[in-house]
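Order of the sequence lines sets the chain letters (A, B, ...), proteins ahead of strands, with each chain counted from 1. For clarity, every value in this text was computed on a predicted model and none was experimentally measured.
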2 protein chains.
Amino acid sequence: MDYTNLSKQLKAISDPNRLKIIDLLSCGTMCACDILEHFEFTQPTLSHHMRILQDAKVVDAEKVGKWQHYTLSQSFEESFPLNIANLLANDENCICHCKNANKKEDLIYEKS
Amino acid sequence: MDYTNLSKQLKAISDPNRLKIIDLLSCGTMCACDILEHFEFTQPTLSHHMRILQDAKVVDAEKVGKWQHYTLSQSFEESFPLNIANLLANDENCICHCKNANKKEDLIYEKS
DNA sequence: ATTTCACATAGACAACCCTCTATATTTAAA
DNA sequence: TTTAAATATAGAGGGTTGTCTATGTGAAAT
């Protein structure tokens, strides 16, 4: 598991305003000015948030005339929930392979 | 969707070291000293990380003798992946109800 | 050609985060 | 009772973040 990379995506989405942006984009493509209508902050602040989401490959951008069209990136939509499931799963990918868990003296050991 | 609350959980887990802690705990309960063996940083730093995870209700702690036993909280394991899926889903919970998406002049409108 | 619109960039500032060293607390062991 | 072990707390330092105002840029409209 690549903690550094997953951490970057999590940092990118772990702001309440950026979560709302992602929720808006889950409905489909939107341009910056339409997104901005849903917020109280200024246009440069939105531009800052969109750059963070693009740098983290959470959102794709395409310029159409004067407008920037933003879309949730397919790789994010597909792989991010899988990465979260993988993180929480107790399976062969688990870092500790269950060697170090539940080994305190008040817990029962398996016979060796 | 409660962006503020989801943001707090995301911020809590969006650090590479805390992601590794969560991955370790996905195998089961561990005490602080066992977790610490997997890291280079100092004991007070681990204590700091565990407090953040507890405050965000990601991890539960139980003191047993000298040891602190840490476990992934059941509510986190269950509800967090659902919240992520909900965020990305284009469904009735979507903030915009699809009213504002895809409305630019270069896109086709549905007949009304 | 000039203006307007949509968006990006620069720089500043306060708040927060991660890590450290030093020290306190609590529990068990000697 | 003293000591040792496991963990928590306090405080500091350097880095990062979210927001702002001011300004730049590029495309469309007049």
Heavy atoms only: give me the nearest A:Ser7-B:Pro16 pair and the separation to one decimal.
-> OG-CD, 3.3 Å
Side-chain donor or acceptor of A:Ser47 paired with backbone N/O of A:Pro44 under 3.5 Å | no
Which nucleotide in the list C:dA10, D:dT7, C:dC18 gets nearest to the side chain of A:Pro44?
-> C:dA10
Qualifying side chain to side chain donor-acceptor pair (under 3.5 Å) pairs with a residue from residues 10-19 of chain A, counting only residues at least two apart or across chains | A:Arg18-A:His49
Distance-only donor-acceptor test, B:Gln43 side-chain atoms vs D:dA6 base atoms, 3.5 Å | no
Which part of the nucleic acid, if any, lies within contact of B:Phe39, taking any heavy atom under 4.0 Å across all strands shown: a base, the sugar-phosphate backbone alone, or nothing?
-> nothing
side-chain contact (heavy atoms from CB on, under 4.5 Å) partner of A:Val58, the single match among A:Ile13, A:Leu25, A:Ile52, A:Ile21 = A:Ile13
Check B:His69 against B:Cys31 and note the closest heavy-atom contact, atom names and distance.
-> CD2-CB, 4.0 Å
Could you identify which residues of residues 46-60 of chain B place a heavy atom less than 4.0 Å from some atom of DNA chain D, listed by residue number, or say none?
-> B:Ser47, B:Arg51
So which nucleotide from C:dC7, C:dC20, D:dA8 ends up closest to the side chain of B:Thr42?
-> C:dC20
Assign A:Gln68 to base, sugar-phosphate, or nothing according to its heavy-atom contacts below 4.0 angstrom with the strands shown.
-> sugar-phosphate
Calculate the interatomic distance between A:Met30 atom CE and C:dC7 atom C1'; express it in whole Å.
-> 16 Å
Partners meeting side chain to side chain donor-acceptor pair (under 3.5 Å) with A:Thr45 (sequence neighbours left out) = A:Thr42
A:Tyr3 and B:Leu19 have their tightest heavy-atom pair at O-CD1, 3.4 Å
Partner residues of B:Leu36 under the side-chain contact (heavy atoms from CB on, under 4.5 Å) criterion, sequence neighbours left out | B:Phe41, B:Gln43, B:Leu46
N/O donor-acceptor pair under 3.5 Å between B:Ser73 side chain and B:Lys57 backbone | yes
Round to the nearest Å and state the distance from B:Leu36 atom CG to C:dT19 atom C1'.
-> 14 Å
Compare every heavy atom of A:Met50 with every heavy atom of A:Ile35, then report the nearest pair and how far apart it is.
-> CD1-CE, 4.3 Å
For nucleotides 24-30 of chain C, tabulate all protein N/O to nucleotide N/O atom pairs closer than 3.5 Å, reporting atom names and distance.
none

Rounded to whole angstrom units, what separation is found between the NE2 atom of A:His69 and the C1' atom of D:dA27?
-> 13 Å
Per the under-4.0 Å heavy-atom filter, residues of residues 4-17 of chain B near DNA chain C come out as B:Asp15, B:Asn17
To the nearest Å, how far apart are B:Phe41 CZ and C:dT21 P?
-> 14 Å
Nearest-Å distance for atom pair CD1/P, residues B:Ile35 and D:dT7 | 9 Å
Minimum heavy-atom distance A:Asp34-A:His38, with the two atoms named = O-ND1, 3.2 Å
